[in-house]
*Asks:* 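Pasting a structure below so you can have a look.
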Amino acid sequence: MSQTLQAVRGMNDILPTDAETWEYFEDIVRDWLQSYGYRPIRMPLVEPTPLFKRAIGEVTDIVEKEMYSFEDALNGEHLTLRPEGTASCVRAAIQHNLIPSGGPQRLYYYGPMFRHERPQKGRYRQFHQIGVEALGFAGADTDAELILMCARLWEDLGLEDVALEINSLGSPEERAQHRAALIAYLEQHQDKLDEDGKRRLHTNPLRILDTKNPELQAIVEAAPRLADYLGDESKAHFDAVQVFLKDAGIPYRINHRLVRGLDYYNRTVFEWVTTRLGAQGTICAGGRYDGLFEQLGGKPQPAAGFAIGIERLLLLWQACGGEAERPVPDVYVVSVGEAAQRLGFRAAETLREHGFAVLMHCGGGSFKSQMKKADASEAPVAIVIGEDEAAAGEVGLKPLRFSGAQQRVPIDELVEAMAALMFPEEEDEEV
């Protein structure tokens, strides 16, 4: 007997009850994004591997350890399942000339991303993100609006214990000066660095500041701060972001160790974190990436954005009491006999044409067993059809969730009778 096949580790099925929660959540998100003028874009799941090496940085955990990369057996092209969405979105904007032809763009996308990480609660190898990208916008007002957008969503979802951390990474030149000072400092403590720290010392020393190793915290705390190397322009930009946040009443903490795991960021970076999800505390992160267009071969364009991890956000939403509304049909159709079943199909389609959600019983059974399923469906009304009703071209309307006797109506009057039963207040207003 062959072995039962299962999903790939860290790539999970989303079963109907959970999928309904996801769809409910996605509806909220679409309305929220559209209220800020953002439009959808959809990019491929598979991209050329050099796209992510160039955008994210070759000396990063994502590129070095986590990408699902492979060679196309037909043409030898090196391809990668996308580990994040910003590089793909910018590639699409460059390829299709979106900004020169249409001006600055407010875009969003959502869907699966892929990273080969150790699976744990809220972090999977196939995970899902909402990405928001403001392309062609240079001002601090855009950075602030992105942060305010997130605060609005948290409020709409009723989230608790969510805190904002911000930092400025300055310009590439300022980062280079800080990088040199940081390397010189860390070389003095090289014997105390862990393996990751030693590996990153001369390739990506800024990431050492983001270490979770408790033994390195004292060294990291005393390290040179990037804030001390910011020029007047970068400081003014960061100050302006903070003014907008203060005006909006958004509390925040400046975290000088917040550097983000992707090399393309500059100036403002931010994270929304929570203590309710254990070690996986970041639910949203983003910032400005003005150099990415040029880095990917396009004309220089300012840009900023953020990504939200859907799995983690849903965990937090549910921990704060969030719950999706379970979809319930308006009508459950019960029928016994071939003629009754045929009339039931006609009745169901007639109601659907007029906007009613109808669940048609299939598989036969007695009136009693079918009525049990009708009650379990939570539909407020059952349509009951037997041989007598079928012969007369009528159906029975039986209230299941409110008072009232079962009534028989001709099939041609079904829609009006159903509307009167479901929406009696509208009938009263017309009178």
*Asks:* For Asn266 and Ser171, what are the C-alpha separation, side-chain angles and deciding distance, and is it a side-chain contact (heavy atoms from CB on, under 4.5 Å)?
*Replies:* CA-CA 6 Å; Asn266 71 301; Ser171 68; over 6 Å; no
*Asks:* List in chain and number order the residues that pass salt bridge (Lys or Arg N to Asp or Glu O under 4.0 Å) with Asp375, two or more places apart in sequence or in another chain; answer none if no residue qualifies.
*Replies:*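 Listed in chain order: Arg401.
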*Asks:* Under the side-chain contact (heavy atoms from CB on, under 4.5 Å) rule, what do Phe238 and Ile254 come out as? Steps first, then yes or no, please.
*Replies:* CA-CA 11 Å; Phe238 194 44; Ile254 296 176; 4.1 Å; yes
*Asks:* Below 4.5 Å, heavy atoms only, C-beta onward: do Arg312 and Leu316 meet side chain to side chain?
*Replies:*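 Not touching, per the 4.5 Å side-chain cut-off.
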*Asks:* With sequence neighbours excluded, give me every ring pair (Phe, Tyr, Trp, His ring centres under 6.0 Å) pair touching residues 78-112.
*Replies:*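 Checked against ring pair (Phe, Tyr, Trp, His ring centres under 6.0 Å) - neighbours excluded - no pair reaches residues 78-112.
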*Asks:* Take atom CD of Glu233 as the centre, draw a 6.0 Å sphere, and report whether it contains more than 12 heavy atoms from other residues, nucleotides or ligands.
*Replies:*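 Check fails, neighbour count at 12 or below.
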*Asks:* Does any pair with a residue in residues 130-171 pass ring pair (Phe, Tyr, Trp, His ring centres under 6.0 Å), and if so which ones, sequence neighbours excluded?
*Replies:*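 Found Trp154-Trp272.
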*Asks:* Answer whether the closest heavy-atom distance between the side chains of Leu159 and Leu313 falls below 4.5 Å.
*Replies:*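 Counting from C-beta outward, Leu159 and Leu313 do come under 4.5 Å.
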*Asks:* Write down the atom of Gln126, the atom of Glu311, and the distance for their closest heavy-atom approach.
*Replies:*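 For Gln126 versus Glu311, the nearest heavy atoms are O-OE2, 4.1 Å.
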*Asks:* Taking C-beta and beyond as the side chain, do Ile383 and Ile385 meet within less than 4.5 Å on heavy atoms?
*Replies:*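 Side-chain contact under 4.5 Å: yes.
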*Asks:* Answer whether the closest heavy-atom distance between the side chains of Val334 and Lys398 falls below 4.5 Å.
*Replies:*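 Side-chain contact under 4.5 Å: no.
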*Asks:* Enumerate donor-acceptor pairs with a distance under 3.5 Å from any side-chain N or O in residues 162-169 to protein atoms, sequence neighbours excluded.
*Replies:*
unit_1	atom_1	unit_2	atom_2	d
Glu165	OE1	Asn255	ND2	2.9
Glu165	OE2	Arg253	NH2	2.7
Asn167	ND2	Asn255	O	3.4
Asn167	ND2	His256	O	3.4
Asn167	ND2	Leu258	O	3.0
Ser168	OG	Gly170	N	3.3

*Asks:* Show every ring pair (Phe, Tyr, Trp, His ring centres under 6.0 Å) that has at least one partner inside residues 339-359, sequence neighbours left out.
*Replies:*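 The answer is none; no pair qualifies.
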*Asks:* Is Thr282 reaching over with its side chain to a backbone N or O of Cys284, donor-acceptor style, under 3.5 angstrom?
*Replies:*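 No.
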*Asks:* For residues 405-412, please give each side-chain donor-acceptor pair under 3.5 Å, one per line with the distance, not counting sequence neighbours.
*Replies:*
unit_1	atom_1	unit_2	atom_2	d
Arg408	NE	Glu394	OE1	3.0
Arg408	NH2	Glu394	OE1	3.0
Asp412	OD1	Arg346	NH2	3.4

*Asks:* Would a distance-only check, ignoring hydrogens and angles, find a side-chain to backbone donor-acceptor pair under 3.5 Å from Gln370 to Gly365?
*Replies:*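 Yes: the side chain of Gln370 pairs with the backbone of Gly365.
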*Asks:* Do Arg91 and Gln95 have side-chain N/O donor and acceptor atoms under 3.5 Å apart?
*Replies:*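 Note: Arg91 and Gln95 side chains meet the donor-acceptor criterion.
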*Asks:* Identify the heavy atoms of Glu378 and Val328 that sit nearest to each other, and give their distance.
*Replies:*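 That closest heavy-atom pairing would be O-CG1, 3.1 Å.
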*Asks:* Any side-chain heavy-atom pair from Phe52 and Met67 closer than 4.5 angstrom?
*Replies:*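 Yes, their side chains come closer than 4.5 Å.
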*Asks:* Keeping the roles fixed (side chain from Glu294, backbone from Gly291), state whether a donor-acceptor pair exists under 3.5 Å.
*Replies:*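 Not a single qualifying donor-acceptor pair exists.
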*Asks:* How are the rings of His128 and Trp22 set to each other: parallel, tilted or perpendicular (split at 30° and 60°)?
*Replies:*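 The arrangement is perpendicular - the two ring planes meet at more than 60°.
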*Asks:* Has Asn75 got a side-chain atom pairing as donor or acceptor with Glu77's backbone, closer than 3.5 angstrom?
*Replies:*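 Pair found, side chain donor or acceptor close to backbone of Glu77.
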*Asks:* Check whether any side-chain heavy atom of Phe25 sits under 4.5 Å from a side-chain heavy atom of Leu157, and report yes or no.
*Replies:*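 Touching, per the 4.5 Å side-chain cut-off.
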*Asks:* Can we say Arg30 and Glu23 salt-bridge, meaning some charged N sits less than 4.0 Å from an Asp/Glu carboxylate O?
*Replies:*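 Salt bridge absent between Arg30 and Glu23.
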*Asks:* Using side-chain heavy atoms (C-beta onward) and a distance below 4.5 Å, is Pro83 in contact with Glu66?
*Replies:*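 Pro83 vs Glu66: side chains apart.
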*Asks:* Any side-chain donor-acceptor pair under 3.5 Å between Glu47 and Thr80?
*Replies:*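 Note: Glu47 and Thr80 side chains miss the donor-acceptor criterion.
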*Asks:* Does Glu174 pair with Lys235 as a salt bridge, N-O distance under 4.0 Å?
*Replies:*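 Salt bridge: no.
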*Asks:* Are any of the side-chain heavy atoms of Val241 and Leu245 separated by less than 4.5 Å?
*Replies:*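 Yes, their side chains come closer than 4.5 Å.
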*Asks:* Just checking, any donor-acceptor pair under 3.5 angstrom between side chains of Tyr289 and Glu133?
*Replies:*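 Looking only at side-chain atoms, Glu133 and Tyr289 do form a donor-acceptor pair, the distance falling under 3.5 Å.
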